[in-house]
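Working notes, structure below.
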Amino acid sequence: MAHCAQAAKPALGEGRVADYIPALAKADPSAFAMAVIDIEGDSASVGMADVCFSIQSISKVFTLSMALAQRRETLWERVGREPSGTGFNSIVQLEHEQGVPRNPLINPGAIVVTDTILSDCGGDAPAHIVSRLREAAASDRIAVSEEIAASEEKWGDRNRSLAYFMKSFDRLENDPREVLSAYFRQCAIEMTVVELARAGLHLANGGVDPLTGAAFLSRAQTNRVNALMLTCGHYDMSGDFAFRVGLPGKSGVGGGILAVAPGAASVAVWSPGLNEAGNSHAGTVALEAFSDCTGLNIFSDKRPESSAFED
């Protein structure tokens, strides 16, 4: 872990903090934290690992898992599975494809996924999402930041446009205002890198938490989620992330990235300075160093080293 932090050090402060959501603009671009936990429960962390940050679009992984567990294969009737090649809040493809989002990890796709949770949970969707994350992370302190949620709501005109545009094609089951309220709040969830890595551990173990035995997804569903993270998890730089890091991953404009090494470990990193696609710049550098030194790159034939987390 120290090696990863050292590799990321020259990149700290580079990139641009997300400022289109004013509450996120306060973040320190030189902040850094990283945590990893393997399926045996061994863990390590470095940097500001006890600082909570807004997970933003990383929440889409967990809402996708919830919707997939409930709707199963019928979910794909409402949202596609292909990389978009455009910005995460682009409306261009929606018009061309009659309101069907290209994948569930861009904003319009995630709004549709949240819509299904709102229909299925029969109550407060954000509370159900927070509850799911608390269970997966084994932490009761995970919560929605009211300040960030309010900022999302105030400055969320692009997302409102996406939701109402999809509603015009009859692609939403609920009132767009209710769907957007739930979506803004899920993006405003805050947690630490330690909690985030722990929350993603079931994705490294066929959908089952290896430490508690709780089943979140089937193995086939887990494979689907990980595949989408690899191909779509970093917007129009997903190919570059797969090329450099070689792990399924999902970024958020709060500066976080969750990455999964199937059969081995879950790793989370946070550094708010973003590259041009909205992904953590230093976080990507740290994860590239992590996959190189551990051999956990899914395209590698290098045998993982058990002591690599501590290096």
Side-chain angles (χ1 to χ4, degrees), residues 1 4-36 45-62 87-89 105 107 110 133 137 141-152 154-156 158-159 184-197 199-200 229 233-238 240-241 244-245 247 249-259 267-290:
M1 293 297 285
C4 300
Q6 190 64 31
K9 190 173 181 178
L12 295 179
E14 296 184 4
R16 182 178 179 180
V17 171
D19 56 8
Y20 67 94
I21 302 170
L24 296 181
K26 303 174 184 178
D28 178 2
S30 64
F32 178 83
M34 188 172 185
V36 61
S45 63
V46 66
M48 302 165 65
D50 58 348
V51 174
C52 290
F53 64 95
S54 177
I55 65 171
Q56 291 291 309
S57 286
I58 302 172
S59 65
K60 297 171 183 175
V61 172
F62 300 100
F88 55 80
N89 56 3
L105 299 183
N107 288 19
L133 273 164
R141 69 175 180 175
I142 294 168
V144 173
S145 165
E146 296 299 335
E147 178 189 7
I148 294 176
S151 193
E152 297 262 7
K154 182 176 181 180
W155 299 97
R158 178 66 70 91
N159 286 322
F184 291 143
R185 291 185 68 78
Q186 83 177 48
C187 290
I189 292 171
E190 289 188 318
M191 55 202 303
T192 68
V193 288
V194 173
E195 291 165 336
L196 182 57
M229 289 172 69
H234 286 75
Y235 310 118
D236 51 342
M237 287 188 72
S238 296
D240 183 71
F241 187 84
R244 294 176 58 187
V245 178
L247 294 173
K250 182 70 195 84
S251 65
V253 295
I257 302 175
L258 170 66
V267 56
V269 64
W270 170 61
S271 187
L274 309 178
N275 62 25
E276 58 270 28
N279 309 313
S280 174
H281 175 58
T284 301
V285 172
L287 286 169
E288 184 175 9
F290 173 84

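It should be emphasised that the depicted structure is a prediction, and the values quoted were computed from it without experimental measurement. Values below: every heavy atom of this structure, side chains too, minus hydrogens, waters and symmetry copies.
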For E146, the salt bridge (charged side-chain N to carboxylate O under 4.0 Å, His left out) test, sequence neighbours excluded, returns R185
Only one of S54, S151, C187 passes side chain to side chain contact (heavy atoms under 4.5 Å, CB included) with I21, and that residue is S151
Any sub-3.5 Å donor-acceptor pair from S271's side-chain atoms to A31's backbone N or O? yes
When I257, L105, I55 are each screened for side chain to side chain contact (heavy atoms under 4.5 Å, CB included) with K250, the one that passes is L105
Any side-chain heavy atom of M34 within less than 4.5 Å of one from F290?
yes
Are I189 and F62 packed together at the side-chain level, in the sense that at least one heavy-atom pair is separated by less than 4.5 angstrom? no
Margin query: For a 4.5 angstrom cut-off between non-hydrogen side-chain atoms, does K26 reach V17?
Written below: no
### Query
Does the side chain to side chain contact (heavy atoms under 4.5 Å, CB included) test come out yes or no for K60 and N107, once each step is laid out?
CA-CA 9 Å; K60 297 171 183 175; N107 288 19; 2.7 Å; yes
Sequence neighbours excluded, the answer for ring-ring contact (aromatic ring centres under 6.0 Å, His included) partners of F53 is W270
- [ ] For V285 and R244, run side chain to side chain contact (heavy atoms under 4.5 Å, CB included): C-alpha distance rounded to whole Å, both residues' side-chain angles, the deciding distance at 0.1 Å, then the answer.
- [x] CA-CA 9 Å; V285 172; R244 294 176 58 187; 3.8 Å; yes
ring-ring contact (aromatic ring centres under 6.0 Å, His included) filter on F241, not counting sequence neighbours, yields H234
A197 and L258 have their tightest heavy-atom pair at CA-CD1, 4.4 Å
Applying side chain to side chain donor-acceptor pair (under 3.5 Å) to S251 and not counting sequence neighbours gives N279
Heavy-atom nearest pair, A282 first then F32, reads O-CE1, 4.5 Å
D19 meets the salt bridge (charged side-chain N to carboxylate O under 4.0 Å, His left out) criterion, sequence neighbours left out, with R16
In short, I148 meets E190 closest at the heavy-atom pair CD1-OE2, 3.6 Å
For Q186, the side chain to side chain donor-acceptor pair (under 3.5 Å) test, sequence neighbours excluded, returns S59, T114
Exercise for review: State, yes or no, whether a side-chain contact exists between L133 and E195 at a heavy-atom distance under 4.5 Å.
Suggested key: no
Do T284 and M237 make a side-chain contact, defined as non-hydrogen atoms from C-beta onward lying under 4.5 Å apart? no
Exactly one candidate in V267, V269, V46 meets side chain to side chain contact (heavy atoms under 4.5 Å, CB included) with V36; the answer is V267
Nearest heavy-atom approach of P10 to Q6 is CD-O, 3.5 Å
Heavy-atom closest pair (A149 atom, A188 atom, distance to 0.1 Å) is N-CB, 3.5 Å
Tightest non-hydrogen contact, residues G233 and S238, listed as N-OG, 3.5 Å
